[in-house]
2 protein chains.
Amino acid sequence: MSDPLSQLFAALADPTRRDLVARLTDGDATVGQLAAPYRVSVQAISKHVKVLEQAGLVSRGAQGHRSSVHLEAEVFDLMTKWIERYRQRAEARYKRLDAVLAEMNDEEAGHRPAREETA
Amino acid sequence: MSDPLSQLFAALADPTRRDLVARLTDGDATVGQLAAPYRVSVQAISKHVKVLEQAGLVSRGAQGHRSSVHLEAEVFDLMTKWIERYRQRAEARYKRLDAVLAEMNDEEAGHRPAREETA
DNA sequence: CCAGTTCTCAACCGCTTGGTTGATAACGTA
DNA sequence: TACGTTATCAACCAAGCGGTTGAGAACTGG
């Protein structure tokens, strides 16, 4: 079993599974109901649901059998936090770069030692 | 080749590739620099970079050879938009459910026809 | 109890993946 | 020019994935 974040991203890397998640935002559903719109077998959808479950994206009613599949939207946060963290780091770097460029413009004759990355 | 969203999620489903992305938020780097911290071969990292590139997460300097790998943080938005969309739909559903429950409490004797989902 | 429905498990298949090694292309430099 | 460095390409391998079919478990209802 791999780390939670990898499982999450991997789970959503399949269009059918993303579609299932989308569908579950309309409300809980049984595996049969979930499988109905697709041409693939119920077993295939059952497997997909299992993947979503192991990723924590989905839970099931009390008795596993004939029970509803429920979306656990909170785990989305795990991903958004990861993404936002690095998006912000990337943006911060651009800002830093801008600042350095501005500085270079300001003191072209200053011949200060060039700063290395962040140091 | 699969759809862009699938490629994005799949690209980030690997811990090594997420690590590469994280590293690139510190600034551009050559394949060799990226590969240095890992025990795997340079070829393996080169493959990872290729996957990131095809997902649009990364671009390369002019000459493919010996040039820098650059993070394209904007494509993160594709994912966050997808996630946010369905997180909000899920939340909206909870709110709707709350409203229905409150309504049932208010008019226990009202015997209004139950609303079906959103209709 | 028996029958039908719903779902999962198991085995299998073709394709993709992450890794390897080896060869080779492209560049910088003594 | 010849050499070393850097990166990619190619072939291969084991493992995993998405799909199938077939069997069976678990619950529902006559």
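A quick note: this is a predicted structure, and the numbers were derived from the prediction, not measured. The figures here come from the full heavy-atom set of this structure, side chains too, leaving out hydrogens, waters and symmetry mates. Reminder, nothing fancy here: chain letters follow the sequence lines and each chain counts from 1.
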Straight-line distance of A:Leu78 CG to A:Gln7 CD, nearest 0.5 Å
11.0 Å
Listed in order of residue number, which residues of residues 47-57 of chain B have a non-hydrogen atom at under 4.0 Å from DNA chain D?
B:Lys47, B:Lys50
Just how far is it from atom CG of A:Leu5 to atom CZ of B:Arg18, taken to the nearest 0.5 Å?
4.0 Å
Apply side-chain contact (heavy atoms from CB on, under 4.5 Å) to A:Ala90 and list each qualifying residue two or more places apart in sequence or on a separate chain.
B:Thr25, B:Leu71, B:Ala73
Could you state the atom-to-atom distance from CG of A:Leu12 to P of D:dG18 in whole Å?
12 Å
Please check the phosphate of D:dG18 (OP1 and OP2 only) for any side-chain N or O of A:Thr16 closer than 4.0 Å.
no
Please list, chain by chain and in numerical order, all residues satisfying salt bridge (Lys or Arg N to Asp or Glu O under 4.0 Å) with A:Asp28, sequence neighbours excluded.
B:Arg93
Here the distance between atom P of D:dG18 and atom CZ of A:Arg18, to the nearest Å, is 12 Å
Apply side-chain contact (heavy atoms from CB on, under 4.5 Å) to B:Val75 and list each qualifying residue two or more places apart in sequence or on a separate chain.
B:Leu8, B:Leu57
Bend angle of the helix from C:dC1-D:dG30 to C:dA30-D:dT1 from five-pair axes at both ends, rounded to 10°?
10°
Tell me the closest heavy-atom pair linking B:Ala10 and A:Ala13, and the distance in Å.
N-CB, 3.5 Å
Taking only residues two or more places apart in sequence or in another chain, which ones pass side-chain contact (heavy atoms from CB on, under 4.5 Å) with A:Thr80?
A:Asp77, B:Ile83, B:Glu84
Quick one: list whatever passes ring pair (Phe, Tyr, Trp, His ring centres under 6.0 Å) with B:Tyr86, sequence neighbours left out.
B:Trp82
As an exercise, state the distance from CZ of A:Arg23 to CG of A:Leu34, rounded to the nearest 0.5 Å.
5.5 Å
Could you check which residues of residues 35-46 of chain A get a heavy atom under 4.0 Å from DNA chain C? Sort them by number, please.
A:Gln43, A:Ser46
Counting only side-chain nitrogens and oxygens, does A:Arg60 get under 4.0 Å of the OP1 or OP2 atom of C:dT8?
yes
Sequence neighbours left out, what pairs pass side-chain hydrogen bond (donor to acceptor under 3.5 Å, both in side chains) with at least one residue falling in residues 34-52 of chain A?
A:Arg17-A:His48, A:Asp19-A:Tyr38
Euclidean distance, A:Glu53 CD relative to A:Arg60 CZ, rounded to 0.5 Å:
4.5 Å
Rounded to whole Å, the CD-P distance (A:Gln33 to C:dT5) equals 16 Å
Tabulated below should be each protein N or O lying under 3.5 Å from an N or O of nucleotides 15-17 of chain C; please produce it.
none

Of all the heavy-atom pairs spanning A:Leu24 and A:Ala29, show the shortest one and how long it is.
CD2-N, 4.0 Å
Euclidean distance, atom CG of residue A:Leu20 to atom P of D:dG19 [Å, nearest integer]:
10 Å
Residues two or more places apart in sequence or in another chain: which of them pass side-chain contact (heavy atoms from CB on, under 4.5 Å) with B:Glu74?
B:Glu72
